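Read the numbers this way: they start at 1 and go in the same order the structure lists the ligands and their atoms. Note that the structure is a prediction, hence the values are computed from the model and not measured.
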Amino acid sequence: MATPIPGVRGIAALQTADAQQVRQLEQVLIACAEACGYGEIVLPMLERTELFTRSIGEGTDIVGKEMYSFLARDDESLSLRPEGTAGCVRMAVEQGWGVRRPARFWYAGPMFRYERPQKGRARQFRQFGVEALGMAGVEVEVELLLLCARIWKQLGVAKDMVLEISSLGDSTCRARYRDDLVTFLRGHQSELDEHSQARLETNPLRILDSKDEGTGEILQQAPSLLDYLDDEARSNLDTVLALLDGHGLEYRLNPRLVRGLDYYNHTVFEWLTCTGLGAQNAVCAGGRYDGLCERLGGESVPAAGFALGLERLLLLQAAASDGQQKASATAKLYIAVPTSAARARALLLAEQLRDLTTHVGVITCLGDASLKSQMKQAHAEEAGYVVLAGERELAAGQVRVRRMKDGEEELFSVTEPEALLQWTGNLEKS
Ligand code: HAM
């Protein structure tokens, strides 16, 4: 026997029930985004590595150690996308989106990061993201946050979500802050955890995000980025907060909120949860990234967006509903075929039933299984009804239909699939 080939660590297939939940979740997300005028964009999964180095930033963990990059046959370095914003902005630059007319996009699909897999953290995971291009007003950030809040409400997880928000100011405020932060931290260098010591050279702002207790204590005394905001940045933040207050949306101002991607300026935010996710408690994150279009060779276009992790949202939903969360399964009709002679007739009946309804899954057993194991399979499929296409019944031009919940049976003529569907309550009204 050949050796089985294991899947790749941190990259899992989705089984039917999970895939159904993902699809249902995406439908809610899409409906909410489209209600705010976002339209779908399908982004490539593979991009030139340079796109991510230039946008997410060379000193970030994502670019430094988490990308799946390789040389293609023509020796060009390509990477599987670790996120969607860079690809969306690259296309915006190509198409001129947001330059003359604002544009709003949503996207959904797999992203790839070589991280240490754990609960809520995978190497292939799904994001749902939205990007609003060409709008300078801070109302955009507020609209994005209200969209998130609407999504949490629709999904029944609003009470489990906490919004953290801050401002990174513009690059000038950030550079001044960075200098002072580095000076402060150098004074405590030996007390910092190892990872933060290394970051002092590469990406000192990310030290603010350290989970290490000792480093956390030192950071209590560190200068606050909010004190370095210029008048415009401070007033933008104040306006966002006042608008959120006006909408009754609660938030926690967190001056130590720095994002793991370099393209942000001004407003940044994260939605965290304390339910069911352990250390991976960020469900959704985003902010404004006004300079990115220019950095990628386009005109200056104001922009903001967010992305949420579907797996994390599903874990949260399951925890919030005490594991009650279950995809509402499609109604299923199982056609049991006890003899090979009846298979062709069963195939025809299945097609006739499918012609009459798209709401029911019609499953036909086309293998050699015994009637007993077919009934077992019908149970496993959670079929509401089993159509028994036995030779005796077919000889009389009939099939027997059993309602699985109470065992009640009815005979139907094979020429009347409508009557059969009507009895099962699945005939679509035309
Ligand atoms: P991000 O914070 O890197 O932002 O990712 C957004 C969300 O993706 C996270 O909050 C988390 O739910 C999910 N996520 C990230 N990494 C993993 C992982 N390894 N496993 C499972 N879930 C994960 C961005 O990607 C930005 N592009 C967001 C954005 C859009 N900003 C502006 N527009």
Asker: Please list the nearest protein heavy atom to atom 2 (O) of ligand 1 with its residue and the distance rounded to 0.1 Å.
Answerer: R259 NH2, 2.8 Å

Asker: Among residues two or more places apart or on two chains, list those pairs meeting ring-ring contact (aromatic ring centres under 6.0 Å, His included) that have a residue in residues 215-242.
Answerer: Y177-Y228

Asker: So if I count the atoms of ligand 1 from 1 in the order they appear, which ones are less than 4.0 Å from some heavy atom of E83?
Answerer: 25 (O), 26 (C), 27 (N)

Asker: Less than 6.0 Å separating the ring centroids of W423 and Y385?
Answerer: yes

Asker: Hey, is Y264 one of the residues with a heavy atom under 4.0 angstrom from ligand 1?
Answerer: yes

Asker: For this output row, return yes or no: ring centroids of Y114 and Y68 closer than 6.0 angstrom.
Answerer: yes

Asker: State if E311 counts as touching ligand 1 under the rule of any non-hydrogen atom under 4.0 Å.
Answerer: no

Asker: For ligand 1, which atoms have a heavy atom of E131 less than 4.0 angstrom away?
Answerer: 30 (C), 32 (C), 33 (N)

Asker: Looking only at protein heavy atoms, which one is nearest to atom 13 (C) of ligand 1, and how far off is it?
Answerer: G309 CA, 3.7 Å

Asker: What pairs meet the side chain to side chain donor-acceptor pair (under 3.5 Å) rule with one or both residues in residues 364-373, with sequence neighbours excluded?
Answerer: R343-D368, S370-S373

Asker: Around atom 5 (O) of ligand 1, find the nearest protein heavy atom and jot down its residue, atom name and distance.
Answerer: Q127 NE2, 3.2 Å

Asker: Among V22, D18, L155, which residue satisfies the side-chain contact (heavy atoms from CB on, under 4.5 Å) criterion with L314?
Answerer: V22

Asker: So which of R312, M111, E115 gets nearest to atom 19 (N) of ligand 1, if we judge by its closest heavy atom?
Answerer: E115

Asker: Pick from R116, R199, R206, R259: which one makes a salt bridge (Lys or Arg N to Asp or Glu O under 4.0 Å) with D61?
Answerer: R199

Asker: Name the option, out of G305, G120, A282, that contains the heavy atom nearest to atom 10 (O) of ligand 1.
Answerer: A282

Asker: If the cut-off is 4.0 Å to any non-hydrogen atom of L261, which atoms of ligand 1 fall inside it?
Answerer: 3 (O), 4 (O)

Asker: Looking at ligand 1, would G129 count as a contact under a 4.0 Å heavy-atom criterion?
Answerer: no

